[in-house]
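Comments concern the structure below.
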2 protein chains.
Amino acid sequence: MQKNSLMTTRDTIIQVADHLIRDKGFNAFSFKDISIAIGIKTASIHYHFPTKTDLGIATIKGHIERLEALKAELENKSPLTKLEGFFSIYSAVKSENKVCIVGSLATDLHTVEEGIQKELKVLAEKILEWVTEILEEGKAKNAFAFQVAPRTKALLIITNMLAIVQLSRLTKADDFTLLKETIIQELKPKTE
Amino acid sequence: MQKNSLMTTRDTIIQVADHLIRDKGFNAFSFKDISIAIGIKTASIHYHFPTKTDLGIATIKGHIERLEALKAELENKSPLTKLEGFFSIYSAVKSENKVCIVGSLATDLHTVEEGIQKELKVLAEKILEWVTEILEEGKAKNAFAFQVAPRTKALLIITNMLAIVQLSRLTKADDFTLLKETIIQELKPKTE
DNA sequence: GTCTATAGCAGGATAGAC
DNA sequence: GTCTATCCTGCTATAGAC
């Protein structure tokens, strides 16, 4: 990863940290990794982020911002387009064989400071709310058919995505695409 | 966790390591943690397991053994009983607010040595095979109804379990039970 | 804002006594 | 099989020059 000249050093650090967390986990990445990746000394990283916790929080906040932006961008689109937009996040994750930030930090939850835990809970709730809304709208418009409560269906779909990027590191990378397409297919109303 | 006098020191170390990995992650637990938990010095742990990798491999092998034992124990039971047996693994995980060993190590996969990666792949494949078999049998006996291929349905169900123990650390602990019961309900054939 | 230098600590691992 | 003592490495973080 090379520092893009259009980005601030601060944002570049966050971007590299994000990739490292999702590739190796929060406890396995070091300031040295970032230092090497962007050609800056570790002491300089501390100027932008006094502690590793600060960097972790900023990384999660970045995800929240991008999620809000995606949601706003798709506001007037169809429920199916919205859901595909949500899935596109995980397609990008899988294309690099990384994992979802929520899954990565949830497994490390009991080792990170409270600031990170709190911010992660905000992100998880926002994801769950958005997918629930998409499913509710889809059902109301007969774009989707499912029997359980929208929030329950959202949990089922989110857990499918969150875990398949992890599990397909061990089974087959293709299993990601298989699940993504199966989920969309099963949501379509049966024409009888 | 206290050393049970009926267990060998070796097995006690594995048991503690397993809990630590699923609570904090492989990179966050230390020999010192085990040392404190069972009242033995870290150097003594190295007598049983020369390296941390050796301990990690032994921990995964323990899971494989218990999975095979559970599978054998349920061999002559109904598909529903088998599936509930599989879910009981995750109920136990969730009751301690820990996560599945597969998810924990999959997120750390790129930081562990090849021996651990290989053993984890064996475990993941065995889980996938078993659940696929249960679903195939259940469909053949009209105990379960589902539209997709058994292996695909197994992936959907396993990812639900694997991720809900992670995600419900952030949303609600009850979400685990909600998903478990929803999955069983949805598998039941519709009586029309 | 980035650097050099270093403090201070914790980790995995080993040697050798008992 | 467990102990004490220690090595070496890598980590987060800080001080102070430029």
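No hydrogens, no waters, no symmetry mates; every other heavy atom, side chains included, goes into these values.
Within the structure, every side-chain polar atom (N or O) of Lys41(B) is placed at least 4.0 Å from both OP1 and OP2 of dT2(D). Under 4.0 angstrom from either OP1 or OP2 of dT2(C) there lies at least one side-chain N or O belonging to Thr9(A). A close approach under 4.0 Å does not occur between any side-chain nitrogen or oxygen of Thr51(B) and OP1 or OP2 of dG12(C). Here Tyr47(A) reaches the OP1 or OP2 of dG1(C): one of its side-chain N or O atoms lies under 4.0 Å away.
Cation-pi geometry between Lys71(B) and Phe86(B) is not met at under 6.0 angstrom from the ring centre and within 45 degrees of the axis. A cation-pi contact, defined as under 6.0 Å to the ring centre and within 45° of the axis, is absent between Lys41(A) and Phe31(A). At least one test fails for Lys188(B) against the ring of Phe144(B): distance under 6.0 Å to the centre or angle within 45° of the axis.
Per the geometry, NZ belonging to Lys32(A) stands 13 Å off C1' belonging to dA5(C), to the nearest Å. To the nearest angstrom, C1' of dC11(D) lies 13 Å from CD1 of Ile45(A). Rounded to a whole Å, the CG atom of Asn27(B) is 14 Å from the C1' atom of dA10(C). Following rounding to the nearest Å, Phe29(A) (CZ) and dG10(D) (C1') show an atom-to-atom distance of 15 Å. Look at CG on Asp54(A): it is 10 Å from P on dT14(D), rounded to the nearest Å. Nucleotide dG1(C) holds its P atom 11 Å from the CD1 atom of Ile13(A), rounded to whole Å. One can place CD1 of Ile36(A) at 13 Å from C1' of dC11(D), the figure rounded to the nearest angstrom. Protein atom CE of Met7(B) is 15 Å distant from nucleotide atom P of dG1(D), rounded to whole Å.
Ser168(B) and Thr171(B) form no side-chain donor-acceptor contact under 3.5 Å, judged by distance and modelled atom types alone. With hydrogens and angles left out, the side-chain atoms of Gln166(A) and Gln166(B) include a donor and acceptor closer than 3.5 Å.
Nearest nucleotide to the Ser30(A) side chain, out of dC11(D), dA13(D), dG11(C): dC11(D). Nearest nucleotide to the Ser44(A) side chain, out of dG11(C), dC3(C), dT12(D): dC3(C). Closest contact between the side chain of His46(B) and the listed nucleotides dT2(C), dG12(C), dT12(D) involves dG12(C). Side chain of Lys52(A), nearest nucleotide from dT4(C), dT12(D), dG11(C): dT12(D). Comparing dC3(D), dG11(C), dA15(D) against the side chain of Ile40(B) picks out dC3(D) as the nearest.
Counting non-hydrogen atoms under 4.0 angstrom, Phe31(B) reaches the backbone sugars and phosphates but no base. Contacts of Phe49(B) with the nucleic acid, taken as non-hydrogen atoms under 4.0 Å apart, are absent.
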